[in-house]
Every structure is written in C-alpha cells, then in structure tokens.
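Worksheet for the structure shown next.
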Amino acid sequence: EAGVAQSPRYKIIEKRQSVAFWCNPISGHATLYWYQQILGQGPKLLIQFQNNGVVDDSQLPKDRFSAERLKGVDSTLKIQPAKLEDSAVYLCASSLQSGGASGELFFGEGSRLTVL
Amino acid sequence: AQSVTQLGSHVSVSEGALVLLRCNYSSSVPPYLFWYVQYPNQGLQLLLKYTSAATLVKGINGFEAEFKKSETSFHLTKPSAHMSDAAEYFCAVRSSNDYKLSFGAGTTVTVRA
C-alpha cells in the first residue's frame, strides 16, 4: 500500500516569495491534515479536510496561508508571501473517516521549508 | 480543549537500559492518547494508542504505555533500549468529541553504546 506522498521534500526561498506544497493521501482516506512542525516543537495543526470540505482551519494564518482539496483527494498548501518564521517542516497526514477519533493518522515524510 | 505535556526534551540512556518517556494530558472528556516516533528526515509513525480498552497498551518495537486516569498520565516505556530507538518521540491527545490531534513538544532519545 502506497503511503502519503509529499513534494517537494526541500524548498529554499527568500522572504516575501511564494511557495506551494503538494500532498497525495493514502487511497480511500477521506480525512487530510496539514501540520506545521517548527524545529524543536511538536507538530501544530494548520488545517483539516473531510473529503473536500474544511473541518478545522482555526490555526491557519489566513492572511498568507491557503489550502485546497478540490476533488477530495490530493491537496495543496500555499504560502504567499513567506516570512522568516514560516521556516518549518510541513507535514501532511491522512486517516480513514471510519477510524473516528481513535483512528490512526498516517504521515508523509514532510516538506522542509527554509525562508532566507 | 485537550493538551499534552512531555516532561524532558532530551533523554539519554545506555543500550540495554530502561527507556521512560513521560507524558501528562489535560482533557475535559475521556481522551484518546497516542505515542508517535519520528526518525531523522522522516514522517511520524504510530507506536501505540490508548482507546479506552486496556489501560496497559503494547506497541511496536517493544514499547508499551500505561494509561493512569488518577495521574492523568500516559508514560511510554521500553525495558531494554536498542541503538535503533534513537529518535524523537511525541505524545498526542484527541478527545472523543473533537477530531483534532494535539501533540506535545517531543522528547529526543539518545542511546549510548
């Protein structure tokens, strides 16, 4: 079974530039998550999708971050314009809708962003 | 809202020694608790989870954790550390009425030969 795919693995940009990350979840997983992991900290949820609808985006900085999951499968996270404090690893995860609150999240390897 | 606190950002153990990683949770409703492991440059992998069945949960790679409601704790242990256990470990909590998974700050484990 293929895992959660993310690209690019690494990206270096200058502040005020834009960047986009792509995620393809495990086939059949209805729920998709984007997490931000700053060095030395635990992952923080940015946005959660159920199929193509947003369940929770309360911690997404909406003035610069956007995310979409148009067809309920793969997803894109965009940052525009980037700030220095956006340097982090962006993790995508997916889970079965039927797994409920006790269900396991499956994580991709992450996209490491460095903003100079 | 639920949250977890991991005590100790770094733990160093000798190969063959006990590994003990501490996690305390805060939740107003019965929680679901998880331990994830992250190896360098990789995503997070589930070690084990507590879902209100047995309070002692066994996971992969010889790890286990015990849910103690009276102490609001979910500490992770392994009787004998192996070099391959060197990684970062995250405790996480989710409540039965909120699908949001909240992570602790993580504990980095170093294993000495």
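Order of the sequence lines fixes the chain letters, A, B, ..., with proteins taken first and strands second; residue numbering starts at 1 for each chain.
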Could you check whether the rings of Tyr35(A) and Phe103(B) sit parallel, tilted or perpendicular, using 30° and 60° as the cut-offs?
perpendicular
Between Gln6(A) and chain B, with a heavy-atom cut-off of 4.5 Å, which part of the residue counts as in contact: side chain, backbone, both or neither?
neither
Parallel, tilted or perpendicular: ring planes of Tyr89(B) versus Phe63(B), cut at 30 and 60 degrees
tilted
Report which part of Gln38(B) has an atom under 4.5 Å of a heavy atom belonging to chain A: side chain, backbone, both, or neither.
side chain
How close do Arg69(A) and Asp74(A) get, heavy atom to heavy atom, and via which atoms?
CG-O, 3.3 Å
Gln48(A), part contacting chain B, at a heavy-atom distance under 4.5 Å:
side chain
Of the listed Leu105(A), Leu45(A), Val4(A), Val55(A), the one with the largest count of heavy-atom pairs under 4.5 Å with chain B is Leu105(A)
Fit a plane to each ring of Phe107(A) and Tyr36(B), take the angle between them on a 0 to 90° scale, and name the class: parallel (under 30°), tilted (30 to 60°) or perpendicular (over 60°).
perpendicular
